[in-house]
Every structure is written in C-alpha cells, then in structure tokens.
Amino acid sequence: MGGSVKMIQETLKLAYGENSESIKDKRIAAVQALSGTGACRLFADFQKRFREDSQIYIPVPTWSNHHNIWRDAHVPQNAFRYYHVESRGLDFAGLMDDIKNAPNGSFFLLHACAHNPTGVDPTEDQWKEISNIMKVKGHFPFFDMAYQGFASGDPERDAKAIRLFLEDGHSIGIAQSFAKNMGLYGQRVGCLSVLCEDEKQAVAVKSQLQQLARPMYSNPPVHGALVVSTILDDPDLKNLWLKEVKVMADRIIGMRTALRESLEKLGSQLSWEHITKQIGMFCYSGLTPEQVDRLTSEFHIYMTRNGRISMAGVTTKNVGYLANAIQEVTKSS
Amino acid sequence: MESVFGSIAQAPEDPILGVTVAFNKDTSPVKLNLGVGAYRTEEGKPLVLNVVKKAEQLLINDPARKKEYLPIVGLADFNKSSAKLILGSDSPAVLENRVATVQCLSGTGSLRVGSEFLARHYHQRVIYVPLPTWGNHLKVSHFGGLEVKSYRYYDPTTRGLNFQGLLEDLNSAPSGAIVLLHACAHNPTGVDPTLTQWEEIRKLMRSKVLLPFFDSAYQGFASGSLDADAQSVRIFVADGGECFVAQSYAKNMGLYGERVGALSIVCKTADVASRVESQLKLVIRPMYSNPPIHGASIVATILKDPDMYHEWTVELKAMADRIISMRKQLFDALTARGTPGDWSHIIKQIGMFTFTGLNAEQVSFMTREYHIYMTSDGRISMAGLSSRKVQDFVL
C-alpha cells in the first residue's frame with residue numbers, strides 16, 4: 001500500500017538531500033502517491049483524521065485544485081497574502097503579517113519553488129525569514145513541490161527552501177510530483193513524506209498513511225514508479241535525466257527572455273520585467289480577464305482568465321505573434 | 001522540535017495484505033501463502049499474461065506514444081470497451097448512450113468514487129453490504145461518506161447462501177437504499193446466487209426501489225466465461241433500471257499493480273448520464289486529478305483488437321480452469337484422506353476463494369504449526385494452491 005520502496009528512497013533523496021540525516025535516521029514517513037494531487041489529498045485526509053481541529057493556510061492565489069483538495073478532505077481553509085498585484089511580485093510584508101497573526105501551530109501550504117500560478121518565489125533571504133517566524137509560531141509547513149529541477153534547471157537549487165527549513169529543524173511534509181520534471185504526467189507518480197521526530201514515529205505515521213490510501217485506491221500504480229526508480233537508481237540514467245530536465249527548464253527560461261525582449265522591442269510602455277523575474281512554467285502576465293478574452297477572440301490565443309500564461313506553450317515560432325497580440329490588447333492601458 | 005503528530009499510534013496491518021507481509025517474513029521452506037487474492041501458476045509464481053506483454057510491447061514500440069495527462073474521466077476507448085465488456089456490446093443502455101463510465105483505480109477506486117458520488121448526490125446515505133464481504137468494502141463506503149449496514153448472505157451451516165435471510169433483509173431495507181452486490185465469485189465465501197435466485201433478488205430490489213451497486217472483480221475469472229460471469233449485472237440492466245458497476249482488471253487481466261478499473265453508472269437517459277459524468281469529474285479531480293495511463297492503455301489495446309481479445313479469453317479461461325481444477329483436487333484429496341466433515345462446498349463455491357470453515361484459532365494454528373497463511377476468517381485463496389501443494393495442505 002506504501003508503493004515502491006526503491007522509488008521512495010530515491011525520491012526522498014531528491015527532496016531532502018543525497019546525504020540527508022533525516023533519511024539515514026529513518027525519520028521520514030513516506031508513501032508513493034498519485035502525483036502531486038494524490039500526495040496533497042492524502043496529507044489533507046491525514047491532517048483531518050489526526051488533527052481534527054486544524055485548518056490549512058493557503059496562499060493567494062494558488063493552484064485552484066488546492067482548494068478542492070482540502071475542501072473534499074473537510075479541512076477548513078484560510079488564506080495568507082502572497083501575490084502583490086502592483087509589483088507583480090511577492091507581497092512579503094503581507095505574507096509575514098499573516099504568518100504572525102495565525103494561531104500558533106497552524107498548517108501552512110507552501111509552494112517549494114515555481115509558485116503556481118504566479119511564478120513568484122521568495123528569495124533565499126525571504127525564505128530564511130519565513131522559516132524563522134514559522135519556527136517561533138510552531139507552524140507546520142507543508143510543501144507542494146511540483147517543479148523540482150524544472151524551475152531553475154537544477155534540482156538542488158529548486159529544493160533550497162525545503163533545505164533551509166530542514167536546517168532550521170522544522171518538521172515538514174512534502175508532496176512531490178514527477179509529472180513535469182520527468183514528463184510522466186499521465187502515469188501519476190509522486191510521493192508524500194512527513195518528517196517525524198524519530199524512526200518509531202515515522203513507522204507509525206507511515207502505517208496511518210497507508211490506512212488512508214487503502215479505502216481510496218488500495219495501492220498506487222506500479223508502472224510510473226518503476227520508470228522513476230529505474231532512472232534514479234542508475235547513475236548514467238540519472239545524469240541523463242538531469243541533462244534533459246535542464247534542457248526543458250532552459251527552453252522555458254529562454255522563452256521568457258524572448259517574450260520580454262519582443263514586447264520591449266515593440267515599444268510597449270508597460271514594464272514586462274516580471275516575465276523574466278518570475279520562474280517556472282507559468283507567467284502571471286497581469287493581463288485582465290477582458291484582455292485575455294480579446295487575446296482569445298481576436299488572436300486565438302488561449303490562457304486562463306487570470307492572465308496566467310504557460311510559458312511551455314511559447315516557442316521561437318510563435319513568440320513574435322504572442323508579443324504582438326499582447327501589445328495590441330494592452331497598448332491603450 | 002516536538003512533532004505535531006507525536007501522539008499517533010501505529011496502525012495494525014491490513015488484515016488481508018498483512019498476511020503476505022507475515023508470509024514474507026517467514027523463513028520456513030514449506031511455507032504456503034493462501035492469503036491474498038492474486039493468481040499464481042502451478043509453480044506458485046505470479047503470471048503476466050502473454051497478451052498483456054504483447055500489448056505493452058506495442059505501446060513501447062509506438063513512437064507517437066505520449067505520456068500526457070488523460071482527461072479526468074480517463075481513456076475514452078478504455079471506458080467504452082469496459083462498459084461493453086460488462087454490459088454486453090448489444091446492451092440497449094450502451095447503444096442509447098445511457099451509461100456514464102469513468103476510468104478509476106481498479107475496483108477499490110471505482111467503489112470509492114461511486115460512494116463519494118452517492119454521498120453527495122443521492123437521497124439515501126445507507127449502503128447494505130453482504131455478510132461477510134471483502135473487508136475493504138466497509139472502509140471504502142465509510143470514507144466515501146456512506147453509512148454501512150449489512151444483509152445476511154453466508155450460511156455457515158450449509159456453507160452456502162442464506163437466501164431466505166438475504167431476501168428478508170433486503171425487503172426490510174428502506175426504500176432507495178444502496179445495495180452492494182458481488183457480480184460473481186463472492187469474496188470471501190465463493191458462494192454465488194443461482195440465476196433464478198438473482199432474478200428473484202432483482203424483482204425484489206426493483207419493487208423496493210433499492211439501488212444496485214455491483215462489484216465486478218472477477219468477470220471471466222469465475223466460470224471462465226466473460227458473458228456468464230456478467231449475467232447478474234445484465235439482468236438488472238435489461239429491465240431498464242439504473243445501477244452502478246465497479247469493474248476491476250486486476251485479476252482477469254492480471255494487471256494488479258497497474259490499478260485499472262472503471263465505474264459505470266447506468267442511467268435512465270443519455271441526458272442524465274451526461275450530467276452524472278460531469279459530477280463524477282468533480283469527485284475525481286480533488287482526489288488524484290486524472291487516472292494512470294499505462295494499465296488502461298494495455299486494456300484498451302487488447303479489447304479493441306479481435307485477435308488479442310480472443311487470445312485474452314483463452315488465457316483467462318486457462319486461469320479459471322486451473323482454479324476449478326485445484327478445487328477438485330483439494331476436494332478429492334480431503335475425501336481420499338478421509339478427513340472428517342463435508343467438503344463439497346469446496347467444489348460448489350466459485351472463484352478464487354474458499355471459506356474453509358476454520359475459525360481464527362484454527363487459522364492461527366495452521367500458521368504457527370504448518371506455516372500455512374490465510375486470512376483469519378478461514379478464507380483461502382485457491383490460486384495459492386498447486387497440484388504439489390494440495391497434498392501438503394491436506395496433510
């Protein structure tokens with residue numbers, strides 16, 4: 001019911017570090033999960049069952065399915081400020097305020113890297129401050145890490161926030177997904193882990209996670225997990241993967257640069273700095289729903305109405321067309 | 001820092017899957033695993049069907065193959081083929097587009113999605129399950145938001161069906177209550193109603209407007225015939241009424257770990273089926289977003305190709321025949337040895353499991369003394385027996 005042991009071991013190393021003490025001390029309760037969604041849902045169910053009185057603090061905005069997940073798990077939700085509309089960056093003051101004002105021991109959902117949908121991540125220094133204040137308040141950080149390796153091209157770098165929290169001695173939970181960084185989308189491969197005080201507790205927590213998986217799907221699908229463990233277990237294949245994930249990340253980063261430069265070349269009066277400052281698959285363009293509608297009806301360009309552009313859909317062939325269209329719908333604003 | 005989960009107790013092993021855990025720890029050379037319901041060959045090994053290997057090879061060799069997300073409802077071809085498999089390709093329900101089918105994670109996932117849907121959209125929150133039933137049915141229904149009650153099913157004195165009790169209990173169920181039915185090869189008892197009895201059950205259920213929820217985990221695996229094993233479901237669909245069916249390909253295609261299954265909801269009209277499907281998506285999305293692609297692709301490949309389909313039916317029948325033959329051999333061996341008691345239930349019961357009639361202490365004894373593993377209710381998996389082992393088991 002816990003899934004592929006080999007896959008889990010290698011997956012934990014990715015998140016917690018190759019030489020992680022927590023792994024050596026067997027303090028991590030981990031089960032294979034149905035990609036990131038399944039990992040989040042399993043944690044939400046676990047939270048409901050064992051911390052009945054707790055709520056989850058969710059960033060504004062977040063991946064819309066996060067709301068569905070915790071709602072269906074019957075865990076009440078709260079919001080914490082995250083995206084700053086005017087600067088198209090992080091509302092750091094608001095975020096810190098909300099963390100401080102939450103009752104001690106609250107559960108917080110954090111995007112480990114490449115925040116979805118905004119692409120706005122805290123800096124390393126900001127993460128340090130967030131970690132500090134959370135420690136003081138005794139909050140429980142739950143990381144959704146769907147883009148490790150895919151954000152910067154370097155999995156170690158993308159795990160920095162998690163590593164900081166671990167150094168600071170937090171107990172954390174992590175939802176890991178191989179959908180994007182290994183392109184295994186439809187295979188539904190992921191991992192849920194919870195860092196515990198000691199091995200005994202990790203065994204107990206793992207057993208309870210399995211108990212929650214049993215009435216949902218009994219055991220996780222084997223195929224995708226085999227692919228992952230085969231790759232991560234073999235040094236040559238792992239190296240090949242690291243190269244390929246960097247190629248994917250670099251192409252995205254390249255498209256960000258290309259889009260921004262194209263808009264600037266077209267003489268746009270607006271600032272498009274945020275396109276290259278944001279990270280990961282998505283760009284929160286700042287386009288209004290009406291502008292998005294115009295992009296669709298006049299230019300046949302499709303995106304979610306919150307102005308979120310999936311940079312993966314941008315290519316050298318279409319970036320010019322896209323820049324032109326954005327310039328058209330925004331030039332009067 | 002003290003853990004927020006510091007007070008969590010270790011959960012007990014799952015009563016069924018835990019048997020294999022204990023078996024694996026046992027170092028005895030004569031150990032025998034009659035616990036979990038997974039098919040084993042005469043050599044005691046798991047079996048990957050040849051037609052499945054063929055299908056996987058085709059998938060791997062296809063350069064156009066992608067790993068993109070499936071739609072929330074899963075692979076369309078798979079869904080259509082699965083509905084036809086259980087309902088019959090000439091089923092009016094299928095032809096009239098009245099069936100909402102969604103790909104789910106094997107039987108468990110189909111049952112869970114169905115339960116959650118019912119808990120949200122159906123006016124009755126009670127599900128009646130047979131006594132006994134697969135242990136996980138209770139958990140799945142409960143976590144899905146339903147209240148679980150039971151109806152009499154197994155008669156320990158005859159080791160057969162308590163038909164009177166069944167009819168009485170269904171008759172006194174509140175109108176509209178959900179009733180879980182094992183389509184064939186009842187787990188754990190192996191005791192199935194006859195077709196005549198199924199017809200009576202159907203009449204009673206329709207007169208009381210009880211909602212049938214079929215768990216079909218052994219189609220083709222029980223009798224060796226896919227159509228014969230689907231009869232119970234089909235007589236309900238033939239009367240034009242509505243029902244739920246959870247299908248699993250774990251056993252009959254040997255795809256256990258791939259987690260392939262489907263939930264079909266047979267509705268009165270195509271319009272209802274369409275709306276039902278849209279609501280099913282809202283149950284699935286916050287659970288795991290979309291189902292895994294690999295296993296369903298294997299199934300679709302096989303079901304769509306007439307030659308591969310035929311090959312599958314042959315391999316399936318071979319598995320079913322081996323189980324049936326094991327029953328006969330076990331019965332013969334017990335009779336030959338003069339073991340006291342009537343063992344005819346072993347050949348009367350059908351499917352993978354036999355309820356030996358052993359109680360929990362006797363089961364413990366079997367494990368301690370003979371390293372023979374089974375679930376504590378005395379259920380043995382016939383698949384775990386081979387011609388060789390039958391002798392050991394009987395002794």
Side-chain angles (χ1 to χ4, degrees), chain A residues 1 29 33-38 40-41 44-46 50-51 54 65-73 105 107 135 138 140 169-171 179 182-189 194-198 200-201 203-212 214-224, chain B residues 1-14 16-17 56 66-70 75 104-113 115-116 135-144 250 255-261 282-298:
Chain A
M1 286 182 287
L34 290 151
S35 211
T37 306
C40 286
R41 175 58 179 267
D45 281 352
F46 176 75
F50 293 102
R51 292 300 304 271
S54 66
N65 205 26
H66 279 145
H67 294 296
N68 300 332
I69 290 168
W70 268 270
R71 179 203 63 218
D72 276 15
F107 285 74
K135 198 85 198 286
F140 185 93
H170 288 273
S171 285
M182 270 206 201
L184 291 174
Y185 304 92
Q187 305 281 7
R188 320 311 293 128
V189 208
V194 178
L195 177 60
C196 303
E197 277 179 336
D198 52 42
K200 181 156 175 267
Q201 206 184 86
V203 168
V205 168
K206 179 173 170 157
S207 71
Q208 295 294 354
L209 291 173
Q210 285 172 182
Q211 289 284 331
L212 289 165
R214 176 66 159 151
M216 212 189 283
Y217 49 83
S218 281
N219 358 73
V222 73
H223 189 79
Chain B
M1 180 169 154
E2 214 202 77
S3 167
V4 299
F5 300 116
S7 58
I8 286 182
Q10 169 114 10
E13 286 287 355
D14 181 272
I16 301 171
L17 300 175
E56 280 191 299
K66 299 283 176 286
K67 295 194 182 298
E68 294 296 281
Y69 292 124
L70 285 178
L75 194 59
C104 293
L105 280 105
S106 212
T108 306
S110 304
L111 290 161
R112 176 60 178 266
V113 169
S115 300
E116 292 231 4
N136 205 23
H137 278 147
L138 284 81
K139 284 203 202 131
V140 171
S141 307
H142 167 75
F143 279 90
L255 291 174
Y256 305 92
E258 303 289 355
R259 318 310 294 129
V260 207
L282 297 187
V283 169
I284 292 168
R285 173 64 163 157
M287 225 189 257
Y288 49 84
S289 282
N290 31 69
I293 187 173
H294 191 73
S297 304
I298 295 172

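So that the names make sense, note that chain A is the first sequence line, chain B the second, and so on, each numbered from 1. Worth saying up front: this structure is predicted, and the values here are computed from it rather than measured. Side-chain atoms are counted along with the backbone in the values below, which use heavy atoms only and exclude waters and symmetry mates.
- Contact of A:N219 with chain B is made through backbone and side chain together, with heavy-atom distances under 4.5 Å.
- Residue A:V189: no heavy atom, backbone or side chain, is found under 4.5 Å from chain B.
- Ranked by non-hydrogen atom pairs under 4.5 Å with chain B, the options A:K206, A:Q208, A:H66 are led by A:Q208.
- B:H294 pairs with exactly one of B:K67, B:E56, B:R259 by the side chain to side chain donor-acceptor pair (under 3.5 Å) rule, that one being B:E56.
- In this structure, B:F5 and A:S171 have side chains that are not in contact, with every pair of non-hydrogen atoms separated by 4.5 Å or more.
- Proximity to chain A at a heavy-atom threshold of 4.5 Å picks out B:R285, B:P286, B:M287, B:Y288, B:S289, B:N290, B:P291 from residues 284-291 of chain B, in numerical order.
- Ion pairing of B:E13 with A:R214 is absent here, as no side-chain N (NZ or NE/NH1/NH2) approaches a carboxylate O to less than 4.0 Å.
- Of the listed residues (A:Q187, A:R41, A:H223), the greatest number of heavy-atom pairs within a distance under 4.5 Å of chain B belongs to A:H223.
- Taking each heavy atom of A:D45 and B:R112 in turn, the nearest pair found is OD2-NH2, 4.4 Å.
- No other option in A:A204, A:P220, A:G224 has as many heavy-atom pairs under 4.5 Å with chain B as A:A204.
- The closest side-chain heavy-atom distance from A:V205 to A:F50 is not below 4.5 Å.
- Note on A:Q211, A:R71, A:K200: by heavy-atom pairs under 4.5 Å with chain B, the leading option is A:Q211.
- The one candidate from B:L255, B:I293, B:L105 that meets the side-chain contact (heavy atoms from CB on, under 4.5 Å) condition with A:P221 is B:L105.
- Side-chain contact between B:T108 and A:M216 is absent, with no heavy atoms from C-beta onward closer than 4.5 Å.
- Across A:S207 and B:A9, no two heavy atoms sit closer than the pair OG-O, 4.5 Å.
- Residues B:I8 and A:Q201 are not in side-chain contact: their nearest non-hydrogen atoms beyond the backbone lie 4.5 Å or more apart.
- Heavy atoms closer than 4.5 Å to chain A are found in the backbone of B:L282, but not in its side chain.
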